[in-house]
Structure formats: C-alpha cells, structure tokens
Amino acid sequence: MPEAENAPANFIEQIIIDDLKTGKWAGRVHTRFPPEPNGYLHIGHAKSILLNFGLAEKFGGKCNLRFDDTNPVKEEEEYVESIKRDVRWLGCDWEDRLYFASDYFEQMYAWAVQLIEAGKAYVCDLSPEQTREYRGTLTRPGRNSPYRDRSIEENLDLFKRMRAGEFPDGSRTLRAKIDMAHPNLNMRDPVMYRILHAPHHRTGDAWCIYPMYDWAHGLEDSIENITHSICTLEFENHRPLYDWFLDQLHVHHPQQIEFARLNLTYTVMSKRKLLELVRERHVAGWDDPRMPTISGLRRRGVTPAAVREFCRRVGVAKFDSVIDIALLEHCIRADLNKTAPRVMGVLRPLKVVIENYPENQDEELDAINNPEDPAAGTRKVPFCRELYIERDDFREDPPRKFFRLAPGREVRLRYAYFVTCTGVIKNEAGQTVELRCTYDPATRGGDAPDGRKVKGTIHWVSARHALRADVRLYDHLFSKPDPDDVPEGQDYRANLNPQSLVVLPGCPVEPSLGTAQPGDRFQFERLGYFCVDPDSAGGRLVFNRTVTLRDTWSKLEKKMRENSRPEH
RNA sequence: UACCCGGUGGUGUAAUCGGUAACACACCAGGUUUUGGUCCUGGCAUUCCUGGUUCGAGUCCAGGCCGGGUAGCCA
C-alpha cells in the first residue's frame, strides 16, 4: 500500500516544522506513546501510536514506549505484554527505549521534597470528601485547606512518614500549593501523592504512596528529554498544571500538544464500555473480531497496513470528530484486494446436479489466484457432476436485473462451464433443495466458442471435493451510527446489534484451503475477505469474515424493493 | 452560571505573507469486466451567523450562536 505521500502538514507537524526552523529544541524531535497498562489497546490508541512514532520517523527523531504505571490497583503485567505486542504489530519500533514511570518514583519523590522545601507543596489531612468540598465548584471558588500553612519542617516530616507507611490509605495527601480560587479546577491545590498500600506489578511493596498523573506525567517527559508531549483533548485543561510543575522545578520542559481522539461510527471506544462488553459477555473477549481493539482487528483479519493507511487518512486536528467506519472498511478492502489470494467457498449451499456430466468423472480447472497480481499464479480447482452454489445465486422467479441462475437461464460457473437450469427440486415444504442443470462442454474455462454471452458468473464448489469450514460472519457491533443514541433511561447496550455475529457451520470450500494456516487471509470470490481463525488449530477450518466485498447488486435490489412497495 | 478548546459538503482532512474552496470516504449516474469485485468517467459546499477592515476574507477584527471538555486521593 502506498504510504504517506507528501500529504500536507497537520497542525502538530506545523509546530515541529516551526520549532526546527527556530532551533527551539536544537533540532531534536522526541515523542513518546505513554499508555497506562490497565487494558487493551484499541484503534484510537493506534492513531496516537502512529502519530507519535510517525512524527519521530518523519523528522528524524525518536519515539519512546513508556508505561505510565502510577496506579497499581488498575494495572497488570498482562496488559504490558499485550500493549507491546500491539505496538509492534502496527509496525512501530521503540528500539531500546522502553520505559516505565515506576522506574522514576525515587526521582519524583526527591522533586516532591524539593517543592516542599520551596514552600510549594504541603501535606493535607483532609479526607477525600472534604477535599472535594473545599475544592469548590465550576462556578464557585474553593477554600484553603486548614493544613495549607503547615511549616516546611512539619511537611517534610509528615511526607517522609507517609512514605514510611505510618498512615492509612486516604488519610493524607501531598498537595501543590497553588490557588484555591483558580478558575481552572486543576490548579486548586491538586493532589500530587496519595497513600495506597497496594502492591505494584513492578515495584512490589517498595512504595505505599503513588504519584498522581498531573504530577508524574510532566516529570516522566522531562526525564526522557521529550520535546513534544502529545496527548488527547481532554488534557487541555491540565496543561497549565503540567507547565506549572515543570516551571517550579526548573527542569527540561517539553511542550504539551493536544489533538482529538478517534471516534468511529457503529462502535464504542471508551475503556469502560469495552470492558463492560467483555465482562457481560456481549462479546467473546478483548480479541473478539467485533471489538475495535487492536487484538480484535488482528483476529478479524485486518492488516497493519490497512490500519496505518486509515489513520493517515483520518488526519490530525483539534475538532472532535466521528469517522465513518466505511473509511476503515475501504482501507481494508483496498489493501486486501491487492494481496489476498482468491478462492471459492459457498456460504449457504444449494446443490446442483449437472445431468449431462458423467457420474464418475471429474477434472481440474485452472483458476487465477489474484487478478491484481499476475505473480500470484494459478491453481487447480476440481469439478464434477455435483456442485454447490450460493442460494442467493438462484431465483425461481427472478426480479428485473437479476443476472444469476433461474429456470431456463444460462450462467457461467467461474473458471468452468456455462450451465443452464433445467429443473428445480423441492421438499414437501416447498423449499428448493436441489437444482438440475446441463452444461455446455464447449465452454470449458468459461468462454463460448460461438461468441454466446451470459449476464452472470457465479462461484461454486465441487460437492465431492469440498472441504467443510465454519464461517463466522461479523457485522457492526451496534445497529446505530451513534451507539449512545438511545431513549431516556437506556444506554448504549440497547443498540447492540443482535446480528453482529452469524455462524454458518460446515460451509463447502475448495480443497486448496486444506493447507491454510491461522492468520491466512483470502478473498472468497464475490463474497468478501476472510481469514483463518486461531480456533482452526484442531484441523477444523474456521474462517472470520473481515469485511464484505462492495455489493452493488444487494444495494440495487434493496432499492427496487423499496420502490415497489406501495406508497405510505 | 466559571474557565478552556473548537465550528469548511453526508463524513473527515486541506487551502503554510489574506488572491477565485482541494483530496479522500460515502452517495448518485454511466463505462469496462470470466468476481454485480477491481478499474475508469461524471455529479455532489457561496466555509455557523451578523457587522467591520480590504481592490479582494474560509483565512484578520468585533459581537453573537452552536458543540465539546473540566468539580477522582483515575489516566
């Protein structure tokens, strides 16, 4: 896939270009992707990852992977590993720059002591509830804590004892002494440290006080010599505090820049909601192919190249936008169209018997592996008297513009012969269970020597040679573009799409698929792109539908149906 | 009702000292085709509003309107 041609610079690139021009950072560009290891990464994180690593690459700089592990009660080693895997999968390389905020705890503590000594921080004994009360509201100023004017000596002593574990959780905090009447609530003496007697996944029980995000994050950036600290819009109000801490300490001071996070139609992106979907079993897990997680996309069969191209096209700005999921689907198709081998498989089989084809005969026909890539070559596909075709490819009473099979009508079986439908066999219930056809031996390979044309070409699988596969058809997880668009009293779960997963067991597929491995991607001709699920391990073939092909016919048919419907 | 940030077609992103609104997706209409796929062609916005500055404003100024964020000892 052609990546990042000379696209116009987004506003962050513009800032960097200007900085380079003025020599602000001595020509350096150093970014970082700083996830908290408290969950799985989703495509919104992919935007951030690609932005940060992309900037570094574009301007000859570096990008760190840093785990912002300052809250031990929410974080786990398992998440660290999954995040590393996902970042790598996207094609980003942090080389030797893997860092953890927890490695800086000692330095952060020393800086906190420095702030106390400068009279800029104090130990506060207010309870969490009292702290909230004293903070005031959006429209009312806060009040000073009664502990705000403790002596430096007392603060130093108390802070040391907080670290030593003398006090219970929630009993005291270390706060910055700024301004309780500040219009920005983040500046009303924010908490820097809280007491948390909780084991940390990396530091164990070495600490029982942990730094808050606002205190820690700028220090982490500073320690790592970051130049541009890029985060999402909701941290805009935190920037004055980010700047304040760094200014007080007179240390390296990166520039914080905020951009809009990625939102997609027909899905949710918040960690809380994704966690709920998993916990309440609306999906099979974090890597359920319907999830917008990186692991879900991967299992779905989406390629890293498609995600990269998608994020590139989405752009970077400060406008709170919602991207049409159709753009992602387009990027997936565009990539897979160029790379996925074609294959034939039938989702909803209808048996066809070629009456004039000898009972015990069979033969192999040549099929093109990928018309977009001549180098992909050809393969043999077996043919015999009994075949399966798609139920959708036959209509006893065909509507206008239906080019497929119908009684008396002739179509082409892809790479095989022209066949004409001569009979329809039904069961007692009146359902079509089998078709009788005749074939024209002269049309072998799909062309008629007499120049005869057919309107339709359909796919098929030889009944005798077919392999059986379970196919999972995935659709949008939610049935509305905005899952939060619900009546009063309901929530996004009310919009869960009951059809988001349809499993079709035992679908006949061509025998060349016998060697397919988990992760392999194919285009099932005329249907869509599918990939082999890891569940196939036991020798049983399981496919996930990544995305359908564009389907002009179903669109047309739907429109005709609507038009023929009586008015009002 | 406080502070901060935004507002260009159905959806996004551009227009870099103010100079005749570009690209993509979606949608619509055609063409090609052994995938109703791909590919190709065409259609689809007077830039939230009102004033102002200017020969000229999406870009600058003023006022308004609308949307988002913020009251964790989460990040």
Side-chain angles (χ1 to χ4, degrees), chain A residues 7-10 14 17-18 34-36 38 68 70-71 73-75 124 126-129 131-133 135-142 169-175 182-188 190-196 209-210 212-214 216-217 231-240 258 260 265 271 313-331 333-334 337-338 342 344 367-368 371-372 401-404 412-416 443 445-447 454-459 481 523-528 548-557:
Chain A
N10 61 51
Q14 200 51 251
I17 289 168
D18 292 345
E36 180 188 17
N38 69 342
D68 202 4
T70 57
N71 184 4
V73 304
K74 287 191 173 179
E75 297 153 7
C124 178
L126 253 26
S127 71
E129 300 71 41
T131 303
R132 181 169 7 98
E133 285 166 22
R135 184 159 36 231
T137 69
L138 294 176
T139 50
R140 301 235 177 296
D169 289 2
S171 60
R172 290 179 218 264
T173 56
L174 182 74
R175 302 176 68 178
H182 198 106
N184 181 340
L185 301 236
N186 292 126
M187 300 297 275
R188 320 243 261 229
V191 172
M192 296 165 61
Y193 277 93
R194 74 283 212 183
I195 300 173
L196 228 46
I209 58 172
Y210 290 94
M212 296 288 291
Y213 168 87
D214 286 307
H217 205 87
C231 60
T232 44
L233 250 29
E234 67 270 28
F235 291 104
E236 247 168 348
N237 295 329
H238 294 246
R239 191 178 350 119
E258 310 86 12
T265 55
K271 241 171 212 177
R313 291 195 190 206
V314 155
V316 178
K318 299 193 73 165
F319 179 65
D320 210 349
S321 59
V322 182
I323 310 295
D324 191 336
I325 189 98
L327 180 61
L328 208 212
E329 294 169 348
H330 171 266
C331 292
R333 290 191 188 104
N337 177 50
K338 296 277 183 255
R342 272 57 170 173
M344 291 197 284
I368 295 167
E372 303 291 318
K401 295 193 179 171
F402 184 82
F403 301 150
R404 286 113 88 147
R412 173 168 36 231
L413 294 178
R414 179 140 234 233
Y415 299 126
T443 57
D447 276 316
V454 288
K455 296 287 276 274
T457 298
I458 65 175
H459 61 278
Q523 181 195 102
F524 283 18
E525 294 224 26
R526 303 209 302 132
L527 296 173
T548 62
L549 250 32
R550 281 187 60 206
D551 189 352
T552 313
W553 163 244
S554 72
K555 210 180 284 177
L556 213 199
E557 190 186 27

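A, B, ... follow the sequence lines: proteins, then strands. Residue 1 opens every chain. Below, all heavy atoms of this structure are taken into account, side chains as well, without hydrogens, waters or symmetry copies.
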What is the distance, to the nearest angstrom, from the [atom1] atom on [X] to the [atom2] atom on [N]?
X        : N     : atom1 : atom2 : result
A:His459 : B:U35 : NE2   : P     : 13 Å
A:Lys318 : B:C5  : NZ    : C1'   : 6 Å
A:Arg414 : B:U33 : CZ    : P     : 14 Å
A:Arg404 : B:G37 : CZ    : C1'   : 12 Å
A:Asp214 : B:C73 : CG    : P     : 10 Å
A:Glu329 : B:C27 : CD    : C1'   : 15 Å
A:Asp447 : B:U35 : CG    : P     : 11 Å

Taking pairing as Watson-Crick or G-U wobble with both contacts under 3.5 Å, can you name the mate of [N], or confirm there isn't one?
N     : answer
B:U8  : none
B:U50 : B:A62
B:U16 : none
B:G72 : none

Practice task
Check the chi torsion on B:G72 and let me know: syn if it falls within 90° of 0, anti if not.
Solution key: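 Syn for B:G72; the angle stays within 90° of 0.
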
Is there a donor and acceptor pair closer than 3.5 Å between the side chain of [X] and the base of [N]?
X        : N     : result
A:Glu234 : B:U70 : no
A:His182 : B:A2  : no
A:Arg550 : B:G36 : no
A:Glu372 : B:G37 : yes

For [N] and [X] - does any side-chain N or O of the residue sit under 4.0 Å from the phosphate oxygens OP1/OP2?
X        : N     : value
A:Lys555 : B:C27 : yes
A:Arg140 : B:U1  : no
A:Thr70  : B:A75 : yes
A:Arg342 : B:G37 : no
A:His330 : B:C25 : yes

Exercise for the section: For nucleotides B:C60 and B:C5, find the distance between their P atoms and express it as a whole number of Å. Expected result: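 Result for the P pair: 15 Å, nearest Å.
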
Problem - Separation of the C1' atoms in B:U11 and B:U50, to the nearest angstrom - result: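 Going atom to atom, C1' in each nucleotide, I get 28 Å.
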
Exercise for the section: Output the distance between atom CZ (A:Arg526) and atom NE2 (A:His459), rounded to the nearest 0.5 Å. Expected result: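 Between atom CZ of A:Arg526 and atom NE2 of A:His459 there are 5.5 Å.
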
Exercise for the section: Could you say whether A:Arg412 or A:Ser321 is positioned toward the 5' end of RNA chain B, judged by the nucleotide with the nearest heavy atom to each? Expected result: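 It is A:Ser321 whose nearest nucleotide is closer to the 5' end.
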
